[in-house]
Amino acid sequence: MLSMLGALLLWLIQIVGTWVLVGLTVVALFLRTSFSLFTLTRTIVTAAVVLTLAYRYGLATDGSFGWVDAVIVKYGLMAIVTSIVLVVLAGVYVLAVPPDRRRPRLVRLFLINGHEFTTPGPLSVLALTGATTGVVAWSMNAIGEYDNAFVSLVTGVLVLLPAAVFLLFAPLSVAGTIFNAANAHPTLPALAAPFVTVGAIVMDRFSGKIIATPDNLKDPFALAGLLITVTLSAVELVRLRARGQGLTQDVGAGGEPSPVPIGETGSAAPTPR
C-alpha cells in the first residue's frame, strides 16, 4: 500500500512539476522590460532557418519520443554553451564599472525592480530554464519505466505536450534574447550572440542530427548564420552606444539610460568646473 502511494505521489510530482516549470519558464521568457527589433530579428532568422531546413530535408529522428530525446541532448549542450557565455559576460558587465556601481548591477542580473512590477534577471531565467530542462528530461526518461501500458500512454501524453512546447519555444527565444539578458543591460544580447553562434556551430559537430541536412550544406548555412549574427550585433552595439547605452552606462528598468546625478558625469567622475 505504501509503495503504491509513493509511486502515485512520484507520478503526480512528475506530471505537475513538468507543467508548472514549463509554464513558469515560458512566462519568464516573455517578461521583457524592453523591446528590440534586433532581438526579434535574431529569433526570426533562427526560426526561419530551422523550419526551412526541417521542411526541405525532414527530421533525422524516428517518432516523437526520438525527436524529443535528440532535442534535449542537442539543445542541452547548446544551452550549456549559452550559459557559459552569459555568465562570463555577466562578470564583465559587473566589473566594467567602478566598485560603487557594481552591487546594483549584480542585483540586476538576478532581479530587476521596475516601476510597476519586478522582472527576473537573466541569471534567474537561466537557472529556471536549466531546472525545467532537467525535469523534462527526467519525465521523458521515466515514461518507459511504468509496467502498465495505459499509465505509460497517459503519462506520455501529459508529459509530451508541455515538453514539446518548451523544446520548441525555449531554444528560439533564447537564441534571440540570451535568457532575456537585455533586462539587465541592452548590450548583453548583442555581445553574447556571436559567441553563442560559434559555440552552437562547434557543438553541432559533436551532437546527433535533428534535421537531415546534407553534410555539404551544413557549413554554408552555419557560416551564413554566423555572418548575419555578427552583422546584427555590430549594428546594434553601434546604435546603443550612440544612444548612450554602452556597456559602461547604467540603464533603467526599460533599457533607457539612467539619469546622471547633478555634479557627476556618466562615468561617476565629478563634472569639471
Side-chain angles (χ1 to χ4, degrees), residues 24-47 78-79 81-97 101-130 132 169-200 225 228-259 266:
L24 288 175
T25 303
V26 170
V27 171
L29 290 171
F30 267 117
L31 291 177
R32 301 170 191 170
T33 58
S34 60
F35 176 78
S36 170
L37 287 176
F38 291 94
T39 294
L40 181 62
T41 302
R42 279 192 293 268
T43 302
I44 291 176
V45 168
T46 303
M78 292 183 180
V81 173
T82 307
S83 303
I84 294 172
V85 172
L86 177 59
V87 170
V88 171
L89 282 178
V92 174
Y93 163 69
V94 172
L95 296 175
V97 295
R101 291 164 55 194
R102 290 175 184 173
R103 181 178 176 82
R105 285 195 163 205
L106 182 61
V107 172
R108 286 183 65 84
L109 290 171
F110 294 93
L111 207 62
I112 294 98
N113 291 319
H115 300 296
E116 299 179 355
F117 57 89
T118 300
T119 307
L123 294 186
S124 296
V125 177
L126 167 61
L128 179 59
T129 305
T132 303
F169 174 78
L172 295 178
S173 176
V174 170
T177 68
I178 317 297
F179 298 106
N180 286 0
N183 286 357
H185 198 280
T187 61
L188 292 180
L191 289 170
F195 297 101
V196 170
T197 303
V198 171
I228 292 172
T229 300
V230 171
T231 302
L232 287 173
S233 293
V235 174
E236 184 177 13
L237 288 171
V238 170
R239 287 173 59 89
L240 287 172
R241 184 173 179 81
R243 288 160 49 186
Q245 295 175 306
L247 185 64
T248 57
Q249 175 68 49
D250 290 328
V251 297
E256 296 300 323
S258 296

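- Checked by atom type and distance alone, the side chain of H185 pairs as donor or acceptor with a backbone atom of G246 at under 3.5 Å.
- In this structure, the side chain of R105 engages the main chain of Y93 through a donor-acceptor pair within 3.5 Å.
- Contact between E236 and S36 at its shortest, heavy atoms only, is OE2-OG, 3.5 Å.
- Expressed to the nearest 0.5 Å, how far OG1 of T82 lies from CZ of F195 amounts to 13.0 Å.
- Residue L109 comes nearest to A90 through the heavy atom pair CD1-CB, 3.7 Å, listed as atom of the first residue, atom of the second, then distance.
- Atom OG1 of residue T43 and atom CZ of residue F169 lie 8.5 Å apart, to the nearest 0.5 angstrom.
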- Task: Let me see the working for L188 and I178 under side chain to side chain contact (heavy atoms under 4.5 Å, CB included), right down to the final yes or no.
- Result: CA-CA 8 Å; L188 292 180; I178 317 297; over 6 Å; no
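- Checking side-chain atoms of S233 against main-chain N and O of T229 turns up a donor-acceptor pair under 3.5 Å.
- A 6.0 Å sphere centred on CZ of R102 holds more than 12 heavy atoms belonging to other residues, nucleotides or ligands.
- Residues P104 and D250 are not in side-chain contact: their nearest non-hydrogen atoms beyond the backbone lie 4.5 Å or more apart.
- Within the 3.5 Å criterion, the main-chain N or O of T177 finds no donor-acceptor partner in the side chain of R42.
- A pairwise comparison of heavy atoms in P189 and A182 identifies CG-N, 3.5 Å as the closest pair.
- A distance-only check finds no donor-acceptor pair linking the side chain of N180 to the backbone of P120 [under 3.5 Å].
- Taking each heavy atom of G121 and I112 in turn, the nearest pair found is CA-CD1, 3.3 Å.
- Expressed to the nearest 0.5 Å, how far CG of L247 lies from OG1 of T187 amounts to 4.5 Å.
- Atom-to-atom distance recorded for T119:OG1 and F30:CZ is 14.5 Å, nearest 0.5 angstrom.
- The distance from the CD1 atom of I228 to the OG1 atom of T46 is 9.5 Å, given to the nearest 0.5 Å.
- Interatomic distance, L106 CG to L95 CG, rounded to the nearest 0.5 Å: 10.0 Å.
- Using a 4.5 Å cut-off on side-chain heavy atoms (C-beta onward), S83 and F179 make contact.
- The two residues L86 and A181 have their closest heavy-atom pair at CD1-CB, 4.1 Å.
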